[in-house]
K.L.:
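For reference, the structure I am asking about is given below.
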2 protein chains.
Amino acid sequence: MSQLSGGEAEQELYREIRRAIAERRLVPGIKLTEDSLASLFNVSRARVRKVLLILAKEHIVKQEPNRGAFVWRPSVIESRNILDARRLVEGYMVREAAKFASPQQIAGLRAILVEEDKARLDGEVAPMMRLSGEFHLKLGECAQNPALWEFLNGLVSRSYLILAVYQRRDVRTCPQDDHRKIVDLVEAGDGAEAARWMEHHFDHIEAELDLVEESVAAKPGLKDILIAPR
Amino acid sequence: MSQLSGGEAEQELYREIRRAIAERRLVPGIKLTEDSLASLFNVSRARVRKVLLILAKEHIVKQEPNRGAFVWRPSVIESRNILDARRLVEGYMVREAAKFASPQQIAGLRAILVEEDKARLDGEVAPMMRLSGEFHLKLGECAQNPALWEFLNGLVSRSYLILAVYQRRDVRTCPQDDHRKIVDLVEAGDGAEAARWMEHHFDHIEAELDLVEESVAAKPGLKDILIAPR
DNA sequence: AGAGAAAATATTGTGCACAATTTTTCGAAA
DNA sequence: TTTCGAAAAATTGTGCACAATATTTTCTCT
């Protein structure tokens, strides 16, 4: 899973940034200043630059020449592309999982379900987001294809950012029963039906999204808020 | 397509390494010494290190701590994983291509077919390899999903290395008619049949492969060659 | 001669200083 | 007060020197 070769502190920095994104503490557009990260994590700036380059390669941050690195902001079309890719890849992976998943792997998936329930009951939104992603990644592991899994890993990371930008503010229902249903079907070896539920699951996710580009004109300015629209 | 942000010479180094791999001048196991690349391309060693990091992220080279970077050598299982991923992704992409491909894109694909024919008639093996990969990438462009395309790009790069290691030495037949057939079907808008032919195409490719791990014991040493086995 | 240790060489890893560029601040003029 | 521009500050980009590690060579002893 680790994307870095050496350097303990380097890995920590890498993981912390990714975790902060998964829990939506880091949201798109935020600037990641090299010096800040360097002093915050007690590493040299060269290390920070290396980590930022890796994150940029994963499309989690966007680097602009001479301007710095910013948490990536997906466009509407990019978001659709990523969700389409996830439908394809995870549809395949869940079918493979139904063939290959070991009892240990099923148990690992159910352990995440329990954590998800707990987080939902406690109303902890941030961990829920992260756990949902971890569920999909753990399910992907069962397909026994590291090349595909790594791709999925990047897609999931970018999905966090998609949700941060486009998830409708009013919805708070979390269809986590989809996850449980999928595990049941995978355990039963019914890959075809599990894949169908995975499709439903993505339908639910996209239904909670408001995938329209928010134009500068559309977003209300101070004037619209304060001058009392009739 | 470019994977690098800035630096003209940097990009050149990146592209040249990738091209050398596509044309099989660089084969798995070769060591890429930083100083050699730096002096060869007249760039600082820091630049070389950056490019090598990117190539490592793309699994084209493998970096070993304190030992350096080597052209990646795919294992049998990794090769299977990559080819499975290509079947999945390219199957999807060719169906999308049948929906969306513009006349210009079809023309671009046919242009590659012409180059392939030319290279085959001239018996130029190296350009043929590269052109075959470029065909698949150009076809992938028609699916209008850059996230998936970038993944495919990495898979194609790794496929060059798979062929370099596992392609059977005796086969020299190149089923390039598959490519032409696929273009015809894409142009006709028959995505389902095009996808079937894509599957056949991969069957052909894998049939030319000898996907067994060559153990150290199996490969004959000098002794076996020179001491005249009876 | 062969094996093993030690020195010499070569290569990778890392921090730092400085250059290039951008962003902010400050002040003067309209 | 606003706007424009120049100076100052902050930030990113880059090369180099040196440290750490690995590899090769050399030398010694059996």
Side-chain angles (χ1 to χ4, degrees), chain A residues 2-17 20 26 28-73 216 221-223 226-227, chain B residues 2-17 20 26 28-73 216 221-223 226-227:
Chain A
S2 168
Q3 308 287 343
L4 291 166
S5 48
E8 198 57 38
E10 228 166 71
Q11 287 204 10
E12 190 194 335
L13 171 59
Y14 173 81
R15 278 196 291 257
E16 280 306 315
I17 291 179
L26 275 178
I30 290 182
K31 175 163 188 186
L32 300 173
T33 307
E34 296 179 0
D35 275 326
S36 311
L37 294 174
S39 56
L40 218 58
F41 287 84
N42 281 96
V43 297
S44 74
R45 202 160 65 85
R47 307 260 191 175
V48 174
R49 287 175 68 79
K50 183 177 175 185
V51 171
L52 287 177
L53 175 62
I54 291 171
L55 291 169
K57 279 291 305 172
E58 295 176 3
H59 300 288
I60 292 171
V61 309
K62 173 128 189 278
Q63 285 184 313
E64 297 181 29
N66 291 317
R67 298 220 31 238
F70 305 82
V71 176
W72 181 63
R73 181 187 180 82
V216 262
L222 269 184
K223 193 166 70 177
L226 298 176
I227 300 300
Chain B
S2 167
Q3 310 285 343
L4 291 167
S5 49
E8 199 57 38
E10 229 167 69
Q11 288 205 11
E12 191 194 334
L13 171 58
Y14 173 82
R15 278 196 291 258
E16 280 306 316
I17 291 178
L26 276 178
I30 290 182
K31 174 163 189 186
L32 300 173
T33 306
E34 295 179 0
D35 275 325
S36 310
L37 293 174
S39 56
L40 217 58
F41 286 83
N42 280 96
V43 296
S44 74
R45 201 161 64 86
R47 306 257 192 185
V48 173
R49 285 175 69 80
K50 182 176 174 185
V51 171
L52 287 177
L53 175 61
I54 291 171
L55 291 170
K57 279 290 306 172
E58 296 176 3
H59 300 288
I60 293 170
V61 310
K62 174 128 189 277
Q63 284 184 313
E64 296 182 30
N66 292 316
R67 297 215 345 125
F70 305 82
V71 177
W72 181 62
R73 182 187 180 83
V216 261
L222 269 183
K223 193 164 69 176
L226 298 176
I227 299 300

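Reminder, nothing fancy here: chain letters follow the sequence lines and each chain counts from 1.
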K.L.:
Report the distance from atom NZ of Lys50(B) to atom P of dT12(C), rounded to the nearest whole Å.
P.N.:
19 Å

K.L.:
Rounded to whole angstrom units, what separation is found between the CG atom of Leu52(B) and the P atom of dT11(C)?
P.N.:
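Atom-to-atom, Leu52(B) to dT11(C), this comes out as 14 Å.
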
K.L.:
For residues Val43(B) and Glu10(B), determine if any side-chain heavy atom of one lies less than 4.5 Å from a side-chain heavy atom of the other.
P.N.:
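No, too far: nothing below the 4.5 Å cut-off.
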
K.L.:
Taking the side chain from Lys31(A) and the backbone from Arg67(A), do they hold a donor-acceptor pair closer than 3.5 Å?
P.N.:
yes

K.L.:
CG of Leu52(A) to OH of Tyr14(A): how many Å apart, nearest 0.5 Å?
P.N.:
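One finds 12.0 Å between CG of Leu52(A) and OH of Tyr14(A).
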
K.L.:
Nearest whole Å is fine: how far is dT14(D) C1' from Glu10(B) CD?
P.N.:
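Atom-to-atom, Glu10(B) to dT14(D), this comes out as 10 Å.
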
K.L.:
Expressed in angstrom and rounded to an integer, what is the separation of Glu8(B) atom CD from dG13(D) atom P?
P.N.:
16 Å

K.L.:
Write down the protein N/O and nucleotide N/O pairs, taken from nucleotides 15-22 of chain D, whose separation is under 3.5 Å; answer none if there are no such pairs.
P.N.:
residue : atom : partner  : partner atom : Å
dG15(D) : OP2  : Ser44(B) : OG           : 2.8

K.L.:
How long is the line joining CG of Leu53(B) and C1' of dT12(C), in whole Å?
P.N.:
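Those two atoms, CG and C1', are 14 Å apart.
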
K.L.:
Start at the 5' end of DNA chain C and walk down; is the nucleotide closest to Ser36(B) or to Lys31(A) reached first?
P.N.:
Ser36(B)

K.L.:
Could you tell me the separation between the CD atom of Gln63(B) and the C1' atom of dT12(C), rounded to a whole number of Å?
P.N.:
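The distance from CD of Gln63(B) to C1' of dT12(C) comes to 10 Å, rounded to the nearest Å.
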
K.L.:
Could you report the tightest heavy-atom contact between Ala69(B) and Val61(B), atom names first, then the distance?
P.N.:
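Ala69(B) and Val61(B) have their closest heavy atoms at CB-CG2, 4.3 Å.
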
K.L.:
Tell me every residue that passes side chain to side chain contact (heavy atoms under 4.5 Å, CB included) with Ala20(B), counting only those two or more places apart in sequence or in another chain.
P.N.:
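Expected list: Arg25(B), Leu26(B).
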
K.L.:
Can you check the Leu37(A) CG to dT12(D) C1' distance for me, whole Å?
P.N.:
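Answer to the nearest Å: 13 Å.
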
K.L.:
What is the distance from CG of Asp35(A) to P of dA9(D), rounded to the nearest Å?
P.N.:
16 Å

K.L.:
Roughly how far, to the nearest 0.5 Å, is CD1 of Ile54(B) from CG of Leu53(A)?
P.N.:
5.0 Å

